[in-house]
Protein chains: 2
Amino acid sequence: MNLKELARRLDLSPTTVSRALNGYPEVNEATRERVVAAARRYNYQPNTRAIRLATGRAMAIGHVIPIATRHEIVNPVFADFIAGAGEVYSRSGYDMVLSVVPDEAEEQTYRDLKSRGTVDGVIVHAPRLDDPRLPLLREVGLPFVVHGRSSGSAEPYSWVDVNNRRAFRRATEFLLDLGHRRIALVNGLEFMDFAIRRRAGYTEALAERGIASDPAIMFSDEMTESSGYRAAKAALALPDPPTALLVASIISAMGVRRAIEEAGLKLGRDVSVIIHDDELSYLKNGEEVPIFTATRSSVRLAGRLAAEMLIDMMGHPGGPPRERLLEAELIIGQSTGPLQSNATSHGALPDAPALAAGAAKP
Amino acid sequence: MNLKELARRLDLSPTTVSRALNGYPEVNEATRERVVAAARRYNYQPNTRAIRLATGRAMAIGHVIPIATRHEIVNPVFADFIAGAGEVYSRSGYDMVLSVVPDEAEEQTYRDLKSRGTVDGVIVHAPRLDDPRLPLLREVGLPFVVHGRSSGSAEPYSWVDVNNRRAFRRATEFLLDLGHRRIALVNGLEFMDFAIRRRAGYTEALAERGIASDPAIMFSDEMTESSGYRAAKAALALPDPPTALLVASIISAMGVRRAIEEAGLKLGRDVSVIIHDDELSYLKNGEEVPIFTATRSSVRLAGRLAAEMLIDMMGHPGGPPRERLLEAELIIGQSTGPLQSNATSHGALPDAPALAAGAAKP
DNA sequence: TGAGGTATCCAAAGCGGTTTGAAAACGATT
DNA sequence: AATCGTTTTCAAACCGCTTTGGATACCTCA
């Protein structure tokens, strides 16, 4: 059943039927009802392909995921972000098109998406420092919203991000307040913008208390279980091991926990851990009571917000870039506790003579 | 730059240009080269929307992910499967369209996908016992490939699946060979087809050795960290705790490990664990050496195979359904070991008098 | 030389909608 | 009754490509 056929049965022109269904005012209310009723009766669904050609709009939004040839990792927050954005698209009549491409083909993919008219706009994932995709998309003329930010970008752009810096600053302060002085950072890859901001929050908080950050306990890697394990294992093996760790992801934290337990230490007593929790639906940080103390911010919500922002921007072109900064909440779990003073392996720090900081290796 | 304009500049008809670019034989080789060169020079990309309307093909494949209102979980294997399928689509010129819909809207979504012509075929995820989507898609006339199988389906259909039953049977046998007699099952939700098959493999292996399966140590839940934790905690608290656990997912296994360590037991010595490992890129089962002993099968590979199968089927309509069964390999990690005999909490089992089976609670 | 092929190219008709510009119908106004 | 402004409807052009059904030019062979 197509428009022409439906019009024929109603003894109306395709023009009028089209207008009736699309809510244009220049059609008699009685006819409109007749048309709508018939459309339902014959189960008429306008052909998407024809609409797209006629209107010149794709009614679709693109997400490009580069499959890096070196790290074969699928961004773990991706699934939840997509779920959030997808809900919005469904409600708004947009399709989500995903392009999985080798990362050297990423630029060409964006160009094609535009020139072939496959999508009306895109969401940019996992931005890096001064990310080349932003000028590219501007040049190409594809509306976009960034999930995260890209420090160093010359021009303004639209984004949805969590306040990573403040989150990590607060987390660090929380550990400092518990008496910890030697705090390790298990960060994501530091060419990723979010990782840079997290590190900044961490070092700032330390500096304010007069603590120099120590590269020996600052790790930067992909956020996998294994890398968390390696980092924690290395840190705990140091002559002056950290008494607390700040971990960028719940996935790395799984590995961190493994290393801690393997070292015979007890999480929350001998070693404190704070994580950043994206509220991944398949890796929740506990249920009623959180496992890890965490800075928490829903990546799914970010997906919803980014999608809404993009759709709204496409509806009002020429507007200024939009920004949305989400604050993470600090939730207290069972993985943090005051610094234990009965330890032996390393002595007091110069700026905290009253507190005998130490790792609690048995 | 569009076809008409390009034709004008070449002083050719759009017909000829179209044919030249699409490799039709009825065009002079010299003209073809001229056309191809001009297309490259002017960076001509045919408009997808027009192609789609003209050919009646969407050149797109749909994936419908229901967002269950009750369990808000995003299937964790989804990301990797999508990555695998997406690679194939990119290479083959297909778009992947993802629909995230509330699960009560799933049926209507499939109907719309067909009647609006948004996609040419779909991949069905996470099939259940006698899944209603299969007859629906058949009725609607949308080609599809199922990732997994649906026991009880009357008609044949195309699928790509891993041999879950054999995998779990082998894993159980492996534990039995190590002397374990009390083996818990931490399964996924048992209305999911894969979970049914896994359970079948497990109970079969037990039955063959004359061991009745005990509902008290068979758990079925969503495969999250928390549910794994709960199951293992409950199992280990029993008067006759299991000495080994068979766990359906590496994510649940994280929780299982937490419960084991919390109970003061040592993984691989006091309690053995075998998992099923989908080789998720963000949750690898170790790197050089596997953490858990596991039955392993790449879900990303399954994604590639399913996509290839579907594309091929769409190219040869009317063919018989296709099937592809992948075998999981059994890899030995550090999480399994022979049954310890120095334990006390429960006695020898009738059929293994020589081995004093016991949990090693200190 | 003329018929019959073959190679090459093109005009025009779709595909199924939207949208422009105009016409028809209708009432109200002068 | 003629004019005007609305309301309502429609014919036709258009979106940018594919594809059908010729047309034309060029060979080949009898």
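Per chain, numbering begins at 1; letters A, B, ... match sequence-line order. Computed from a predicted model, the values in this text were never measured in an experiment.
A search for salt bridge (charged side-chain N to carboxylate O under 4.0 Å, His left out) contacts involving Arg34(A) returns nothing, not counting sequence neighbours. Under the salt bridge (charged side-chain N to carboxylate O under 4.0 Å, His left out) criterion, Glu155(B) pairs with no residue at all, not counting sequence neighbours. Applying the ring pair (Phe, Tyr, Trp, His ring centres under 6.0 Å) test to Phe144(B) and every residue at least two apart in sequence or in another chain returns nothing. A search for salt bridge (charged side-chain N to carboxylate O under 4.0 Å, His left out) contacts involving Arg133(A) returns Glu106(A), Asp131(A), not counting sequence neighbours. For His147(A), the ring pair (Phe, Tyr, Trp, His ring centres under 6.0 Å) partners are Phe81(A), not counting sequence neighbours.
Both Arg32(B) and Asn2(A) lie near DNA chain C, and the one whose nearest nucleotide falls closer to the 5' end is Arg32(B). Nearest-nucleotide mapping onto DNA chain C: of Leu3(A) and Glu26(A), the residue sitting toward the 5' end is Leu3(A).
A donor and an acceptor atom, one from each side chain of Asp193(A) and Ser151(A), are located under 3.5 Å apart.
Legend: salt bridge (Lys or Arg N to Asp or Glu O under 4.0 Å) pairs involving residues 37-54 of chain B, not counting sequence neighbours, sorted by first then second residue: Arg52(B)-Asp95(B). Residue pairs satisfying the side chain to side chain donor-acceptor pair (under 3.5 Å) criterion with at least one member in residues 309-325 of chain B, sequence neighbours excluded, are listed as follows: Asp312(B)-Arg322(B).
Base-pairing analysis of DNA chain C finds the following stems of at least three consecutive Watson-Crick or G-U pairs, with both pairing distances under 3.5 Å: C:1-30 with D:1-30.
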- Message: Could you go through Lys114(B) and Glu139(B), starting from their C-alpha distance and side-chain angles, then the distance that decides it, and tell me whether this counts as side-chain contact (heavy atoms from CB on, under 4.5 Å)?
- Response: CA-CA 11 Å; Lys114(B) 170 66 178 188; Glu139(B) 178 210 322; over 6 Å; no
- Item | Test side-chain contact (heavy atoms from CB on, under 4.5 Å) applied to Lys4(B) and Val17(B), step by step | CA-CA 9 Å; Lys4(B) 206 189 293 180; Val17(B) 176; over 6 Å; no
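What you find for Pro46(B) and Ile51(B) is that their closest heavy atoms are CB-CD1, 3.7 Å. In plain terms, the two heavy atoms of Leu310(A) and Val122(A) that are nearest each other are CD2-O, 3.6 Å. Taking every heavy atom of both residues into account, Val140(B) and Tyr110(B) meet most closely at CG1-O, 4.3 Å.
Extent of DNA chain C lying under 4.0 Å from chain B heavy atoms, first and last nucleotide in 5' to 3' order, is dT8(C) to dG16(C). The outermost nucleotides of DNA chain D lying under 4.0 Å from heavy atoms of chain B, listed 5' to 3', are dG16(D) to dG21(D).
One distance of note links OG of Ser99(A) with CD of Glu87(B); it measures 13.0 Å at 0.5 Å rounding.
Within a heavy-atom distance below 4.0 Å of DNA chain D, the residues of residues 10-20 of chain B found are Thr15(B), Ser18(B), Arg19(B). Listed by residue number, Leu53(A), Ala54(A) are the residues of residues 33-55 of chain A with a heavy-atom contact under 4.0 Å to DNA chain D.
Considering Arg304(A), Met96(A), Met309(A) as possible partners of Val88(A), the one that fulfils the side-chain contact (heavy atoms from CB on, under 4.5 Å) test is Arg304(A).
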